[in-house]
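Heads up: the structure comes next, in structure tokens.
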Amino acid sequence: MRIPDLKIKHVLSIILSIVLVNVCVKPVDAQRVIDYIDISNPFLRKIPIAIPVFRYSPEKSPSESIAKDMTKVLSQTLEFTGYFKMLNQKAFLEDLQKTGITGSSLNFKNWTAIGAELLVTGGIHTQDKLIVVELRLFDTFSGRLLVGKKYKGWHNDIRKIVRRFCNEVIERLTGNKGFFDSQIAFVSTHTGHKEIYTCDFDGYNVKQVTTNRSINLTPSWSHDKEWMAYTSYAKNRPDLYIRHMTGKKRGFYVSFKGHCITPAWHPKRMEFAAALSRPGNSEIYLLTRTGKVIKRLTYDWGIDVSPTWSPDGKHIAFVSNRSGNAHIYIYGMDSGKIRRLTYEGKYNVSPSWSPKGDRIAFCGRKNDRFDIFVMNVDGSRKMQLTGNSANNESPCWSPDGNLLAFSSTRSGKSRIYVMTAYGTDQRLLLSHKGEQFEPNWSK
Amino acid sequence: MYSANDYLVRSETKKITWVLTLGGSAIGHLLFFAIIFFFPGLSQTNKELPTVIDIDLVSITETEIQTHSYDAVETEPDMDISESIESTDNYVQPEPEPIQPPKNAYEPKKFQPLTPIEQPKSFKPLKPNPDIIQPEKTSEPKPTKVKPPESEPVQRPEIKEIKPIESPAKPSKPKIKRSLKKRTIIKEYIARNKKKRQLTDTFRQLQQKVRIDEAKKRIQQVGKTKSSVKLMDIYKAEVMSQINKNWALSVQMIGGYETDLSAVLVINIMRNGYIQPDMRFEQKSGNEYFDEGVIKAVKKSNPLPRLPDGYVRPVYEVGLRFTPSGLK
């Protein structure tokens with residue numbers, strides 16, 4: 001009896017000591033104390049990118065000037081996104097004309113030394129009146145080729161080529177499509193009347209859409225960019241007009257008793273929501289592309305206007321004065337339920353739902369001035385984006401949800417400005433005669 | 001059945017065995033901790049493999065890479081042709097990374113000479129003495145080695161680490177001359193160069209000795225812990241500001257100001273301030289862009305300021321905790 005017990009005890013004690021050793025050792029190992037340094041303040045809040053002048057192969061004057069133009073356009077286009085910090089060309093240690101544009105002929109250490117994290121190289125040569133452009137995006141630290149493209153086009157296609165390449169760059173870096181094919185519609189008093197105009201995302205290529213010498217307001221692009229709905233007083237009353245942008249198809253005219261204003265296209269279908277005052281006060285309706293009523297959405301004694309769709313098309317945010325003041329509410333398309341979002345202030349209008357779906361931008365009145373705010377779709381995390389001694393109104397999102405266009409009177413007259421979704425990099429979109437309001441960014 | 005208490009109380013022999021086992025385990029523990037204490041390097045091997053990041057040597061292997069790159073460049077023309085095909089798929093294959101010798105304009109930035117060249121003249125008596133110079137020369141091909149061995153005594157690594165700094169400057173000059181094919185000049189030049197180098201080497205050795213002696217004295221006087229802690233606090237602040245300065249982080253890429261991204265990167269700083277290439281993430285943020293940016297910031301900051309002289313170890317291991325909290 002006893003002897004086996006003793007053995008068991010020995011074994012037990014050995015096991016116990018082994019366990020003890022293990023228990024003690026682990027924390028010692030983990031405790032290998034090293035110092036920590038907190039680094040929390042990045043000096044630069046953008047990606048430093050270097051775009052040296054493109055290489056041009058027959059050393060003649062025409063391709064040289066094209067190369068310089070194109071480099072400039074590419075820099076401006078990429079800078080517009082707010083992602084990048086363009087490094088000064090004077091600081092560059094290498095010249096593409098001498099080195100080459102492929103990964104093998106570049107010495108990336110000369111680019112990391114000046115702080116560049118990305119590098120775009122380009123080469124141009126002419127081929128019987130056509131230009132052939134090779135563009136590459138490199139990660140300077142790993143020397144990895146991120147995007148490489150070759151384009152062929154006419155001399156006046158420079159901007160088109162650059163935009164296409166920029167789309168690739170943004171998609172490669174962020175995973176989202178770039179917005180370089182998008183357009184912005186706005187109202188301008190260029191001719192003395194409030195007419196609707198369009199321009200490219202960067203303010204170039206301004207075109208007049210309406211020419212009725214009346215009052216035209218609140219343009220809205222359909223999801224396929226083919227149609228535009230807007231309010232017009234062409235017949236001396238606020239009615240809706242639906243126009244085919246290329247003019248190949250006949251437009252539609254929507255008129256009911258009372259006003260028909262603030263159209264907003266469904267993000268996926270050819271339907272739109274608008275505010276009609278048919279029942280006596282203004283209510284939100286859902287209409288077909290041709291202007292037939294599908295459904296009345298709101299039933300309330302207050303005024304309901306300015307609908308904006310969530311990107312999945314399941315909710316509509318709108319403005320209502322049902323509480324006494326103008327505030328923003330959300331309507332669920334499936335449930336039919338209405339939820340109030342804003343409580344602060346007395347005047348919150350022109351909501352715009354972010355294409356990412358998580359934020360709603362709106363215009364609120366604070367200290368007798370209008371400013372742009374953004375908040376989560378449940379009303380939380382409200383953030384003021386503009387704050388100067390002027391009015392900032394009617395925000396609308398870029399298709400990738402990274403930028404906001406809005407109108408501002410900071411320079412006296414109302415003009416269209418652009419900023420990032422966090423309120424940084426506020427700048428003028430275009431200088432155009434007269435005043436500009438109510439931007440609307442296409443998909 | 002017996003309870004545990006019975007064993008302890010009842011029999012003498014059992015008590016003895018208990019004492020023996022406890023004593024044994026105590027001795028074992030002592031031994032173990034002693035080993036851990038005296039050979040801290042050992043415990044590293046037990047660690048789980050951290051996520052390894054490939055980082056090409058930032059400073060020291062430069063000469064090594066250069067010699068390889070010449071061969072690589074010549075094969076390139078083929079790559080260019082294949083690249084110019086229109087489809088994007090061809091671009092996906094990673095290009096080789098030949099690294100050309102950096103231009104002279106850029107070089108002096110990286111390899112700051114530690115001592116001015118004119119000064120050594122005052123040390124004439126040391127010149128004819130070959131004993132000090134000889135070991136230096138034989139060991140010069142070595143600088144391709146990345147790490148100074150950790151287990152070496154404190155003074156040795158100092159001398160070794162500085163060698164690689166000098167080496168890149170050396171091959172460039174004779175090469176240019178050779179192309180001119182003026183042998184006599186080269187010989188003269190090399191001889192002069194040699195003298196200069198010998199002088200600077202000896203001078204540097206002397207300087208280091210003095211520096212180490214000073215550090216030792218200081219430690220003896222003030223007490224080791226106190227002074228080094230203060231010194232390291234200042235040093236840490238320097239490192240913080242330098243890396244912050246080199247850190248570029250796009251607010252849009254990380255989804256706005258209100259993020260709780262955080263990454264901890266552990267680096268080893270050598271005495272001369274250069275960062276050893278074996279960085280590792282103790283904690284990743286989960287955002288690929290953020291993590292890459294962190295590494296880029298550290299690479300851009302290389303070399304960091306020299307370790308303070310009062311710091312006795314050859315390498316300073318430090319964790320860098322990156323958070324974008326300062327953005328707001």
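Naming: A, B, ... by sequence-line order, numbering from 1 per chain.
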Can the ring centres of A:Phe141 and A:Phe108 be said to be less than 6.0 Å apart? no

Is it the backbone or the side chain of B:Val266 that comes under 4.5 Å from a heavy atom of chain A, or both, or neither? side chain

Is A:Phe43 atom CZ crowded by more than 12 heavy atoms from other residues, nucleotides or ligands, each under 6.0 Å away? no

Which portion of A:Leu403 sits near chain B, non-hydrogen atoms under 4.5 angstrom: side chain

Pair A:Phe138 and A:Trp111, ring centroids less than 6.0 Å apart: no

Answer key: most heavy-atom pairs under 4.5 Å with chain B among A:Ile39, A:Asn41, A:Val132 is A:Ile39

Under 4.5 Å from any heavy atom of chain A - which part of B:Thr21: side chain

With chain B as the partner, which of A:Met383, A:Lys85, A:Arg381 has the greatest number of non-hydrogen pairs under 4.5 Å? A:Arg381

Is a side-chain donor-acceptor pair under 3.5 Å present for A:Tyr151 with A:Asp157? no

Specify the closest pair of heavy atoms between B:Ile243 and B:Ala297, including all atoms of both residues, with the distance to one decimal. CG2-CB, 4.2 Å

Would you say the side chains of A:Asp400 and A:Ser398 form a donor-acceptor pair under 3.5 Å? yes

So which part of A:Thr140 gets closer than 4.5 Å to some heavy atom of chain B, the side chain, the backbone, both or neither? neither

Could you tell me whether the side chains of A:Thr420 and A:Asp425 share a donor-acceptor contact shorter than 3.5 Å? no

At a heavy-atom distance under 4.5 Å, which candidate from A:Lys46, A:Arg45, A:Lys356, A:Glu117 has the highest pair count against chain B? A:Arg45

Looking only at heavy atoms and a cut-off of under 4.5 Å, which of B:Glu292, B:Glu288, B:Lys300, B:Lys296 has the most pairs with chain A? B:Lys296

Region of A:Ile101 that comes under 4.5 Å of a non-hydrogen atom in chain B: neither

